[in-house]
Amino acid sequence: MSTALISSYEKNGSLLRLARLLVKNGWNLLGSLGTSTYLKRNGVACKDISDTIGPPILGHRVVTLSREIYAGLLAVTDADFKELERLNIPVIDLVYVNLYPLENECKNPQSTPESVLEKTDIGGPTLLRAAAKGRRLALSNPEQIEILEKWFENGCQESEREPMTLRFAAEAERRVADYISASADYRENNLV
């Protein structure tokens, strides 16, 4: 059975659509605390990732930054997968991350360096990059759900998976690059 890790700042119809699609197709869901709570409230089975790696720490600033998560995303060889099995670490086949709205905060005339730092997502970009590197499905945009839906409708053809994985990886890398660029621009423009 495949496993998806979902961490979404926005708790909305797109998140529910993806979660229901995955569950309907036999996937297990792992979610960050807010995401898993939202999904459960809306009738979608989702295991809180803290049950696997421990509760969030440092005022909820460290949620998914865990070697177990990244091992589950970065394993690629037979030896890697055997090691995961020995360590009882689940393979994560798909990541969906909807990042904190850092760009909005950077554009906000009322923003401060502190408010920008508070909105800076570390775990989300790291999840997307690890999923892309591990050749997992790295969804970084709600519009990609339709592509995934069509793939499921077509019977999850392996011949379609590789190009979709590469496309999603490129889009995830671009999303992370834009996100980090917004942060860098803000910091450069607000040097004291």
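Contact of the Leu5 side chain with the Tyr96 side chain is not registered, since no non-hydrogen atoms from C-beta on lie closer than 4.5 Å. Using a 4.5 Å heavy-atom cutoff, the side chains of Ile69 and Leu127 are in contact. Looking at Glu118 and Thr112, their side chains never come closer than 4.5 Å, going by heavy atoms from C-beta outward. Side-chain contact check for Lys150 versus Glu160: every heavy-atom pair is 4.5 Å or farther apart. Counting heavy atoms from C-beta on, the side chains of Val176 and Asp178 never come closer than 4.5 Å. Between Ile145 and Ile147, every side-chain heavy-atom pair lies at or beyond the 4.5 Å cut-off.
In this structure, the side chain of Asp80 engages the main chain of Thr77 through a donor-acceptor pair within 3.5 Å. A distance-only check finds no donor-acceptor pair linking the side chain of Asn104 to the backbone of Cys106 [under 3.5 Å]. Between the side chain of Asn141 and the backbone N or O of Glu143, at least one donor-acceptor pair lies under 3.5 Å. Remark: side-chain polar atoms of Arg136 are not paired, donor with acceptor, to backbone N or O of Asp93 under 3.5 angstrom. Judged purely by atom type and a 3.5 angstrom limit, Asn190 uses its side chain to pair as donor or acceptor with the backbone of Tyr186.
Using modelled atom types, one finds no donor on one side chain facing an acceptor on the other under 3.5 Å when comparing Ser140 with Glu171. Side-chain N/O atoms of Glu68 and Ser66 include a donor and acceptor closer than 3.5 Å.
Atom SG of Cys46 sits about 12.5 Å away from atom CZ of Arg41, to the nearest 0.5 Å. Distance check, rounded to the nearest 0.5 Å: CZ of Arg17 to CD of Glu146 gives 6.0 Å. Ser181 OG to Glu103 CD: the interatomic distance, rounded to the nearest 0.5 Å, is 9.5 Å.
Dense packing is recorded around CZ of Arg161, with more than 12 heavy atoms of other residues, nucleotides or ligands lying under 6.0 Å away. The neighbour count for Asp51 CG, taken as heavy atoms of other residues, nucleotides or ligands under 6.0 Å away, is above 12. Taking a 6.0 Å sphere around CG of Asn189, one finds it holds more than 12 heavy atoms contributed by other residues, nucleotides or ligands. More than 12 non-hydrogen atoms from other residues, nucleotides or ligands lie less than 6.0 angstrom from CD of Gln157. For Arg175, the CZ atom is densely surrounded, since the number of other residues' heavy atoms within 6.0 Å is greater than 12. Atom CD of Glu85 has 12 or fewer heavy atoms from other residues, nucleotides or ligands within 6.0 Å. Counting heavy atoms of neighbouring residues, nucleotides and ligands inside a 6.0 Å radius, atom NZ of Lys133 does not exceed 12 of them.
Counting all heavy atoms, side chain and backbone alike, Glu173 lies closest to Ala132 at OE2-CB, 4.0 Å. The heavy-atom pair separating Ala19 from Leu39 by the smallest distance is CB-CD2, 3.6 Å. Of all heavy-atom pairs spanning Leu137 and Met164, the tightest one is CD2-CE, 3.7 Å. The two residues Asp48 and Ser32 have their closest heavy-atom pair at OD1-C, 4.3 Å. Closest heavy-atom contact between Asn42 and Arg20: O-NH2, 3.3 Å. Counting all heavy atoms, side chain and backbone alike, Leu99 lies closest to Tyr179 at CD1-CD1, 3.5 Å.
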Can Asp121 and Leu102 be said to form a side-chain contact (heavy atoms from CB on, under 4.5 Å), step by step? CA-CA 8 Å; Asp121 190 332; Leu102 177 64; over 6 Å; no

The test is side-chain contact (heavy atoms from CB on, under 4.5 Å); show your working for Phe168 and Leu139 and say whether it passes. CA-CA 6 Å; Phe168 287 176; Leu139 283 78; 3.8 Å; yes

List the atom pairs, with distances to 0.1 Å, where a side-chain N or O of residues 23-31 and a protein N or O form a donor-acceptor pair under 3.5 Å, not counting sequence neighbours.
{"residue": "Asn25", "atom": "ND2", "partner": "Leu21", "partner atom": "O", "Å": "2.8"}

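Taking hydrophobic clusters as Ile, Leu, Val, Met, Phe, Trp and Tyr residues chained together by side-chain heavy-atom distances below 4.5 Å, Ile122 shares a cluster with Ile49. At a threshold of 4.5 Å between side-chain heavy atoms, the hydrophobic network of Ile, Leu, Val, Met, Phe, Trp and Tyr places Val97 and Ile92 in one connected group. Using a 4.5 Å cut-off between side-chain heavy atoms of Ile, Leu, Val, Met, Phe, Trp and Tyr, with links allowed through other members, Leu148 and Val44 fall into the same hydrophobic cluster. By the criterion of side-chain heavy atoms lying less than 4.5 angstrom apart, applied directly or through intervening Ile, Leu, Val, Met, Phe, Trp or Tyr residues, Leu22 is not grouped with Val95; the two fall into different hydrophobic clusters. Note on Leu74 and Phe81: separate hydrophobic clusters, where clusters join Ile, Leu, Val, Met, Phe, Trp and Tyr whose side-chain heavy atoms are under 4.5 Å apart, directly or indirectly.
Applying the side chain to side chain donor-acceptor pair (under 3.5 Å) test to Arg135 and every residue at least two apart in sequence or in another chain returns Glu162. Every residue meeting the side-chain contact (heavy atoms from CB on, under 4.5 Å) condition with Lys11, not counting sequence neighbours, appears here in chain and number order: Leu15, Thr35, Tyr38.
Here the options are Pro113, Pro109, Ser115, the test is side chain to side chain contact (heavy atoms under 4.5 Å, CB included), and the partner is Ser111; only Ser115 passes.
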